[in-house]
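Since the structure comes first, as C-alpha cells, the remarks are kept for the end.
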Amino acid sequence: MKRVIVIFTGGTISMKKNESNRSMPSMSGEDILKIIPGIDEAANVDCMDFSKISGQQMPPEKMFELSGVINKKIKNGGYDGIVVTHGTDSIEETAYLVDLTYNESKPVVFVGAMKISSDPGWDGAGNLIDAVKVAASDDARSRGVMLVMNKEIHVASQVTKTNTCSLNTFRSLDFGPIGYVDNGKPYFYYKYTKRQYIDTDKIDTKVDLIKTCCGMDDKMLKFCIDSGSHGIIIEGMGRGNIPPKMVRGVEYAIEKNVPVVLVSRCISGKVTDDYGDEGSGGELREKGVIFGDNLPGQKARIKLMAALGYTKNVAEIKKIFEENYY
Ligand code: ASP
C-alpha cells in the first residue's frame with residue numbers, strides 16, 4: 001500500500017463551533033482522521049499537525065516554512081505523496097508558493113472544506129479521501145502541486161476561489177481542471193506544461209499589491225515605495241491598462257529599481273501590450289513594467305516574493321515572469 005502523510009494546517013476542515021456559535025479551527029489531525037471512515041483504505045496514512053489556523057492567518061513566512069517541511073518529508077520521509085489541509089481563503093496562495101519551490105515528482109495535494117464537520121453534507125471527508133487517493137496515484141506524479149476539492153483536480157498556479165460559500169468554488173478559469181476523482185479513482189485529462197520552479201532558499205515578503213479602479217492616482221504606489229516595498233504588483237484593468245494618473249508612480253518605482261509586475265483585475269486571461277495610449281500596457285511595457293501573464297494579483301505577489309528571494313536583479317526577475325511569454 002502507498003504511504004501518504006497528511007499535514008494539517010487548519011481551516012474549515014478542522015473547525016467546530018465555539019460557545020458563541022462561531023466556527024473556529026479546533027480539531028487535530030488525529031481528531032479529523034478518526035471521523036473519516038475508509039481513509040485508511042485509500043493509503044497507509046500518517047499525520048502531522050503543522051498549525052491550527054484559518055486561511056487569513058497564514059503569513060508567507062509560514063507558507064515557505066511549510067514548503068521546507070514538504071520538501072524534507074518527500075526527500076527523507078519515504079512517502080509516496082503528501083496531502084496538506086488548509087483554509088480555503090488562502091489555500092491557492094500557499095499551494096502556489098509550494099509549487100514554485102518544489103522540484104520533486106511525487107504528488108503534493110492541497111485540500112480543504114467549505115463546511116464544518118457538524119454541518120449536514122460535510123464535504124471535508126470526501127475531499128480528504130479524494131486528496132489521499134490523488135497523492136497515492138502514480139498518474140499524479142510530475143504534475144506539481146495540485147488542489148483537490150469537489151471531485152476536481154486543479155494545478156496550483158491556475159486554481160482560484162471564486163465563490164464565498166459554494167462547494168463548487170474552486171475553478172481554473174482559463175483552462176479548467178486537469179482531471180477528476182470519479183468513483184474513488186483519479187483520472188487525468190491533460191498535463192499543464194507551463195509550471196515553473198524557482199530554486200530559492202528564502203522569500204522576500206516586502207511585496208505590495210495594488211488594485212486599480214477608475215480615476216486612481218499614484219498615492220498608493222508612492223506610499224508603498226517610500227515605506228520600503230521591494231516589489232509591487234498592480235492589478236490593472238482588462239488587458240493590462242492603468243489610470244493615467246498612476247503612471248508617474250510606476251515611473252517612480254522603476255527609477256528606484258523596484259520591480260513592478262502588471263496583471264489584470266479580470267478574473268481570467270493574460271495581460272499584453274496591445275494598446276498604446278496613456279496608461280496602457282504598451283506604455284507601461286516601454287517604461288520597464290514586467291508582465292505577469294494570467295495570474296491573479298495575490299498569486300503574482302507570491303511569485304514575486306519567491307523571485308525576489310532568488311535574485312534582486314530586475315532583468316532576471318523579468319525573465320522569471322516572462323519566460324515563453326511572447
Ligand atoms: N475561513 C476559512 C479559512 O480559510 C475558510 C475555509 O477554510 O474554508 O480558514
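Note that the numbering runs from 1 along the sequence shown for the chain. All values below come from the heavy atoms of this structure, side chains included, with hydrogens, waters and symmetry mates left out. Counting starts at 1 for both ligands and their atoms, in listed order.
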Go through the steps to decide whether Lys2 and Asp138 satisfy the test salt bridge (charged side-chain N to carboxylate O under 4.0 Å, His left out), and finish with yes or no.
CA-CA 10 Å; Lys2 293 284 178 67; Asp138 288 334; 2.7 Å; yes
Going by side-chain hydrogen bond (donor to acceptor under 3.5 Å, both in side chains), Glu92 matches just one of His86, Gln298, Lys161. Which one?
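By the side-chain hydrogen bond (donor to acceptor under 3.5 Å, both in side chains) criterion, Glu92 pairs with just one of His86, Gln298, Lys161: Gln298.
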Note: Glu316-Lys319 ion pair, threshold 4.0 Å (strictly below)
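So Glu316 does not pair with Lys319 through a salt bridge.
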Would you check, one step at a time, whether the test salt bridge (charged side-chain N to carboxylate O under 4.0 Å, His left out) holds for Glu93 with Lys299?
CA-CA 6 Å; Glu93 288 169 66; Lys299 281 198 200 170; over 6 Å; no
Show the short N or O contacts, below 3.5 Å, that ligand 1 makes with protein N or O atoms; if there are none, say 'none'.
residue  : atom  : partner : partner atom : Å
ligand 1 : 1 (N) : Asp89   : OD2          : 2.9
ligand 1 : 4 (O) : Gly55   : N            : 3.1
ligand 1 : 4 (O) : Thr88   : N            : 3.3
ligand 1 : 4 (O) : Asp89   : N            : 3.0
ligand 1 : 4 (O) : Asp89   : OD2          : 3.4
ligand 1 : 7 (O) : Thr12   : N            : 2.7
ligand 1 : 7 (O) : Thr12   : OG1          : 2.9
ligand 1 : 7 (O) : Thr88   : N            : 3.0
ligand 1 : 8 (O) : Thr12   : OG1          : 3.1
ligand 1 : 8 (O) : Thr88   : N            : 3.4
ligand 1 : 8 (O) : Thr88   : OG1          : 2.3
ligand 1 : 8 (O) : Ala113  : O            : 3.0
ligand 1 : 9 (O) : Gly55   : N            : 2.7

Establish, yes or no, whether the cationic atom of Lys219 lies under 6.0 Å from the six-membered ring centre of Phe223 and within 45° of the ring axis.
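Because its charged atom misses either the 6.0 Å distance or the 45° angle limit, Lys219 does not stack over Phe223.
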Strictly distance-based, threshold 3.5 Å: is any side-chain N or O of Asn127 a donor or acceptor partner for the main-chain N or O of Asp123?
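Here the side-chain-to-backbone pair exists.
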